[in-house]
There are 2 protein chains.
Amino acid sequence: MKQKVTLKIIAKEFDVSISTVSKALKNSNEISEEVREKIKAYADYYNYKPNSLALQLRAQKTSVIGVIIPEIVHHFFSTVIDGIEEHANKRGYNVMVCLSNESFEKEVSNISVLTNGSVDGVIVSIARETQKKEDYNHFEMLLKDGFPLVLFDRIVDSLKCDKVIIDDIGGGFKAANHLLEIGSKRIALLTTEDYITVGALRKVGYRKAMQSAGLEVDEDYVFKINDTKNLYRQIEKIFHLEKVPDAILAVNEIYAAIAMKIAIEKGYKIPEDIAVLGFTSGLISKFTSPPLTAITQHGYLMGQQAAELLINRIEHTGPKEFQKEVISTGIKIRKSTYIGE
Amino acid sequence: MKQKVTLKIIAKEFDVSISTVSKALKNSNEISEEVREKIKAYADYYNYKPNSLALQLRAQKTSVIGVIIPEIVHHFFSTVIDGIEEHANKRGYNVMVCLSNESFEKEVSNISVLTNGSVDGVIVSIARETQKKEDYNHFEMLLKDGFPLVLFDRIVDSLKCDKVIIDDIGGGFKAANHLLEIGSKRIALLTTEDYITVGALRKVGYRKAMQSAGLEVDEDYVFKINDTKNLYRQIEKIFHLEKVPDAILAVNEIYAAIAMKIAIEKGYKIPEDIAVLGFTSGLISKFTSPPLTAITQHGYLMGQQAAELLINRIEHTGPKEFQKEVISTGIKIRKSTYIGE
DNA sequence: TATCAACACGAAAACGTTGTAGTGAATCCA
DNA sequence: TGGATTCACTACAACGTTTTCGTGTTGATA
């Protein structure tokens with residue numbers, strides 16, 4: 001690459017000092033009209049732009065925020081990043097994305113790389129492996145130094161920092177309630193293993209809804225799916241129950257889509273025989289047949305909120321106490337639970 | 001935030017010079033065992049990490065690569081980023097993602113921000129608006145300075161730089177050919193407007209396949225969809241043709257899924273009456289019913305290649321001449337074109 | 001006792017920028 | 001003519017590193 005033009009080079013060109021060039025380019029009236037103009041012309045011609053590293057080093061501020069997510073090939077996380085970007089840009093920040101790939105080690109190393117001065121703060125959604133290990137030392141180190149940190153979606157309560165979460169309990173409740181309202185009696189729950197908070201919380205909501213309808217939660221109707229094994233085979237077990245459920249509540253859209261597919265193959269009519277409802281994070285729900293009723297998650301909003309909290313923390317605007325924002329879910333009713341029309 | 005510990009601070013603490021501290025931490029044997037150990041212990045305790053801005057400024061190298069994509073909420077682009085990240089990390093680089101949101105202005109400003117020293121090179125997929133305007137000045141400026149730039153997917157041939165593209169012509173050919181092989185005679189094409197290169201190229205492939213089968217391309221069977229208007233209404237026009245096609249080739253999975261949905265509503269059987277095939281970039285194809293046969297795109301591989309080209313360019317490994325890598329497509333045959341078990 | 005090497009450390013430049021605090025010359029006022 | 005003021009510019013520190021080139025002290029050697 002060609003030498004980038006710097007103040008020094010321009011200064012040498014016109015045989016003036018570096019300060020003169022700097023001031024001329026900033027239109028300071030300490031510098032004569034004449035000198036100013038020729039320097040600006042030269043800088044313009046050679047497309048001078050101040051080196052941001054130098055600026056950042058001097059200002060002790062990068063105007064970059066780091067984001068660490070478990071994976072990017074996931075519609076929900078993409079929407080969150082989109083929201084972060086939008087808000088960050090509006091406030092003059094850029095975004096640096098790192099992926100943990102659900103790995104503890106990679107998360108730790110990402111944190112380490114990002115917090116060595118390259119960013120003013122970080123937003124993170126914790127990796128699975130970290131949640132399983134329950135080792136949050138890398139975060140605690142940051143917080144001890146007062147480094148701006150915002151956790152979203154996959155959070156841990158014990159860490160003293162700003163957080164943004166989806167109202168998963170509310171979502172689970174809303175989901176189960178909808179099924180109860182359309183008359184379902186035996187609602188099967190397709191959820192994740194317990195250590196995955198999101199699944200666990202949605203289950204809590206489901207349980208709450210069942211109880212407030214005066215129904216017992218039969219643990220035989222709760223299926224904890226292991227993502228690393230064959231999904232079809234695990235989900236199919238729903239249909240081995242003595243009394244096949246009249247509704248299925250899945251904590252994500254993949255499980256829901258698969259359950260629906262199996263149900264149809266087995267000759268059940270949806271929603272007449274079995275109603276199906278999922279939590280959506282992508283486009284699948286819209287294109288299954290029948291289209292899937294789903295709890296919607298507003299990742300974009302979540303990203304915006306996270307960015308806002310972080311930048312407020314960085315700039316010391318906003319409250320001193322740590323915030324915990326809760327993003328409420330929506331429900332998009334489609335044909336998989338809706339008879340009539 | 002608390003003051004970060006620096007060499008200077010440690011130096012003051014032990015009343016030695018900054019150089020001594022720097023050398024001690026690097027285990028230089030210029031420094032006595034004793035001094036070395038106490039400095040290392042202190043640094044360790046206070047979690048000293050060299051400031052990367054300072055390192056980067058000094059080394060005139062950031063080990064960061066910038067990526068500008070039109071949007072992130074798009075499975076294809078996510079997979080590309082994933083691939084970029086993977087390769088970049090392997091070679092010691094970090095990734096900074098910016099979104100152009102298909103806007104020319106934002107693309108220009110992203111380029112400007114990234115190339116002021118914050119990254120060693122950029123990978124970009126050009127925004128729609130830029131392609132429509134045909135204004136590539138911001139890229140030409142970079143190339144004039146020899147700044148490392150890799151274009152992927154949405155490229156422009158006139159720019160002298162490394163490129164990675166999907167073999168869209170081949171994909172279109174492969175798609176049409178598959179339909180011809182299963183006996184389709186009247187293949188409708190659902191494509192984008194002409195200025196979108198990807199759609200245009202896939203059409204070329206479609207045309208080639210038709211011609212090599214000795215068939216004329218009837219322009220009435222080519223539908224150019226405008227993404228900003230109502231998709232259903234535009235796609236429905238397929239079924240207003242005098243002779244309804246016996247196959248539909250869509251240049252993306254959304255169009256394909258919608259076409260299939262409309263066909264089913266109108267009582268056609270898929271694939272018996274009409275076979276449907278799309279280009280996939282997400283998970284939709286897998287979960288429609290019937291599942292959609294699709295040309296697959298290998299975004300991950302594309303990302304890896306792009307990163308490899310870029311880093312080779314940055315580090316002057318690899319050939320001097322600009323490369324144009326072509327990623328070939330695959331085809332995943334599912335029930336939407338496949339009769340029989 | 002003069003010479004030299006080894007040892008253990010410090011000074012300073014460089015990366016590119018900004019802003020404060022000079023500085024020398026011209027101009028002004030009385 | 002002497003002092004103050006304005007003008008147009010320069011020097012320098014600072015941000016945090018690394019690295020090259022000193023430099024003073026010690027101990028050994030001839």
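The figures here come from the full heavy-atom set of this structure, side chains too, leaving out hydrogens, waters and symmetry mates. Bear in mind the structure is a predicted one, so any value in this text is a computation, not a measurement. A note on names: the letters A, B, ... follow the listed sequences, proteins ahead of strands, and every chain is numbered from 1.
Contact annotation: A:Gln60 reaches the phosphate of D:dG16 (side-chain N/O to OP1 or OP2, under 4.0 Å). The shortest distance between the side-chain N/O atoms of A:Lys26 and the OP1/OP2 oxygens of C:dT18 is below 4.0 Å. Between B:Lys8 and the phosphate of D:dT17, there is no side-chain N or O to OP1/OP2 separation shorter than 4.0 Å.
Candidate nucleotides D:dC9, C:dT18, C:dC9 were compared by shortest atom distance to the side chain of A:Glu30, and D:dC9 ranks first. In this structure, of D:dT19, D:dT10, C:dT17, it is D:dT19 that holds the atom nearest to the side chain of B:Ser22. The side chain of B:Ser17 has C:dA11 as its nearest neighbour among C:dT18, D:dT18, C:dA11. The side chain of B:Arg58 sits closest to C:dA14 out of C:dG16, D:dC21, C:dA14.
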Handout entry: Evaluation steps, salt bridge (charged side-chain N to carboxylate O under 4.0 Å, His left out), between B:Lys8 and B:Glu13
Key = CA-CA 9 Å; B:Lys8 203 198 237 181; B:Glu13 177 71 21; over 6 Å; no
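Heavy-atom nearest nucleotides on DNA chain C were determined for A:Lys49 and for B:Val21, and the one closer to the 5' end corresponds to B:Val21. Residue B:Val35 is the one, among B:Ala54 and B:Val35, whose nearest nucleotide of DNA chain C lies closer to the 5' end (criterion: closest heavy atom).
Between the side chain of A:Ser19 and the base of D:dA11, a donor-acceptor pair under 3.5 Å is found. No donor-acceptor contact under 3.5 Å links the side chain of A:Lys61 to the base of C:dT17.
Contact check for B:Ile81 versus B:Ser78: no side-chain heavy atoms found under the 4.5 Å cut-off.
Side-chain contact, B:Asn116 with A:Lys4: no donor N or O sits under 3.5 Å from an acceptor N or O.
Ring centers of A:Phe104 and A:His138: under 6.0 Å apart, within the cut-off.
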